[in-house]
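Quick notes on the structure that follows.
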2 protein chains.
Amino acid sequence: MSVANDRKSVAREQLMVTASQLFFANGFHAIGVDRIAAESGVTKMTLYKHFSSKDHLIVAILERSSEMYWTWFEKTIQGAAKPEQQMLALLQAITSQHSKSPQSSFCLYQAVAVEYPFPDHMVNQAASRHKQSVVLRLEDMCRQANLRSPEALSRQLFVLMEGFCMTARLIGPDAPPADIVQAAITLIESHRN
Amino acid sequence: MSVANDRKSVAREQLMVTASQLFFANGFHAIGVDRIAAESGVTKMTLYKHFSSKDHLIVAILERSSEMYWTWFEKTIQGAAKPEQQMLALLQAITSQHSKSPQSSFCLYQAVAVEYPFPDHMVNQAASRHKQSVVLRLEDMCRQANLRSPEALSRQLFVLMEGFCMTARLIGPDAPPADIVQAAITLIESHRN
DNA sequence: TTGAAAGTATACAGATCGGTATGTATACTG
DNA sequence: CAGTATACATACCGATCTGTATACTTTCAA
């Protein structure tokens, strides 16, 4: 089987994990392919055997992150019956994860929005696809909850989540833990019929 | 007078304006000093006569942006008497500015948080100082308004504002215009005594 | 008028960037 | 055994990065 299609390669997996961590902590432009390869314990040639360019590696990381996000998403809302409770479960999971590891609140897609700001760039498009689908999913949940103006409410909750992630970067660990959950509760309540 | 202290130099001013725009639209690492100098109609040597390094230029831009921000801030809340109305005036100004020019919602300090993530870096510190002062100012307003848990409310409003700026980057112009103002109203109301 | 300040022009240093070329060793598999 | 895939090592390419060196011009005020 051709290497380019072998999604189970250990080298490929290690490259994506390592690169993901490095990008996470340093940004995209600050990390070169040499360092990614070195810290993966792999040659640069191996990197380019698996990914045709740095941009393609980033897109692969973003798409795998998106898959992992949705797995986490569905698992998190699993216990909650009503859609309102599901949305709160998401916020609670985000904040409790934040208190354990503040760095985990950082969002790779926000970094893309900053470092690849042009919509015709493949990296930007990969991030946009993900965030667009999040907005739609939230809107879907608001609709299921039979709340007033589901579009507006979903956008409010989305902004709340994005703001939380960015605030974690800006202010640091001791940012807004439970406040955001309370804000979400207030906003949801205000959209009840 | 020495050039390094001449804050009125046209070249220095042009460099800061041009660099600011370029960083705004492309990020920091994506823009080199050569391009900044060229698009300012100035030599690279002139840039280094006024700013001892690229990082110092960025810090100067951030600090001047902060001054401009506070000028805008005080001017915006000027018409409103009550602190609650002042906070709403801020949100309304942000959203109305957004509908005129969506790019203006982008926040340079958020870009710093992504591209200079280390707290011991002077650029990161300059951005942190600004955002910290914004949080404190909001908290002050909430306290003046005699609302319940001013700390929590100010953090909620801060997250809302940060989320709005980031959403403008992530989703694009047709993001959440009036929804955020409504969210702020709801949150403020919920903290009334 | 003269002399410092401000700016120009050009060239360069040293490092790093993304990406490629060439060849070799290992290991699975038909 | 033969062939293919995977990964190795090393060296290199052109471009770009921040920052510096040197020398010439313009402006303006004491």
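Keep in mind the model is a prediction, meaning the values are calculated, not measured. No hydrogens, no waters, no symmetry mates; every other heavy atom, side chains included, goes into these values. Within every chain, numbering begins at 1; the chains are lettered A, B, ... in the order of the sequence lines, protein sequences first and strands thereafter.
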Between D:dC8 (C1') and A:Leu47 (CG): distance, integer Å: 14 Å
Can you give me the N/O atom pairs linking the protein to nucleotides 18-25 of chain D at distances under 3.5 Å, or say none if there are none?
unit_1: D:dT18; atom_1: OP1; unit_2: B:Lys54; atom_2: NZ; d: 2.9
unit_1: D:dT18; atom_1: OP2; unit_2: B:Val33; atom_2: N; d: 2.9
unit_1: D:dG19; atom_1: OP2; unit_2: B:Tyr48; atom_2: OH; d: 3.0
unit_1: D:dG19; atom_1: OP2; unit_2: B:Lys54; atom_2: N; d: 2.9
unit_1: D:dG19; atom_1: N7; unit_2: B:Lys44; atom_2: NZ; d: 2.9
unit_1: D:dG19; atom_1: O6; unit_2: B:Lys44; atom_2: NZ; d: 2.2

Contacts of type side-chain hydrogen bond (donor to acceptor under 3.5 Å, both in side chains), residue A:Gln92, not counting sequence neighbours: none
Whole-Å distance separating the CD atom of B:Gln14 from the C1' atom of C:dG7: 14 Å
Pairs flagged by side chain to side chain donor-acceptor pair (under 3.5 Å) wherever residues 137-147 of chain A is involved - sequence neighbours left out: A:Glu74-A:Arg137, A:Glu139-A:Arg143, A:Asp140-A:Gln144
Value rounded to 0.5 Å, distance of OG1 in A:Thr76 from OH in A:Tyr69: 9.0 Å
Distance below 4.0 Å between B:His50 side-chain N/O and C:dA6 OP1 or OP2: no
Any pair counted as side chain to side chain donor-acceptor pair (under 3.5 Å), so long as it reaches residues 19-31 of chain A, sequence neighbours left out: none
B:Phe51 CZ - C:dG7 P separation (whole Å): 11 Å
Test side-chain hydrogen bond (donor to acceptor under 3.5 Å, both in side chains) applied to A:Thr18 - qualifying residues, sequence neighbours left out: A:Gln14, A:Ser40
Distance test, side-chain N/O of A:Thr43 to OP1/OP2 of D:dC8, below 4.0 Å: yes
Between C1' of C:dG19 and NE2 of A:His56, the distance in whole Å: 14 Å
Sequence-distant partners of B:Glu151, side-chain hydrogen bond (donor to acceptor under 3.5 Å, both in side chains), two or more places apart: none
Spacing between B:Arg12 atom CZ and C:dA6 atom C1', to the nearest angstrom: 14 Å
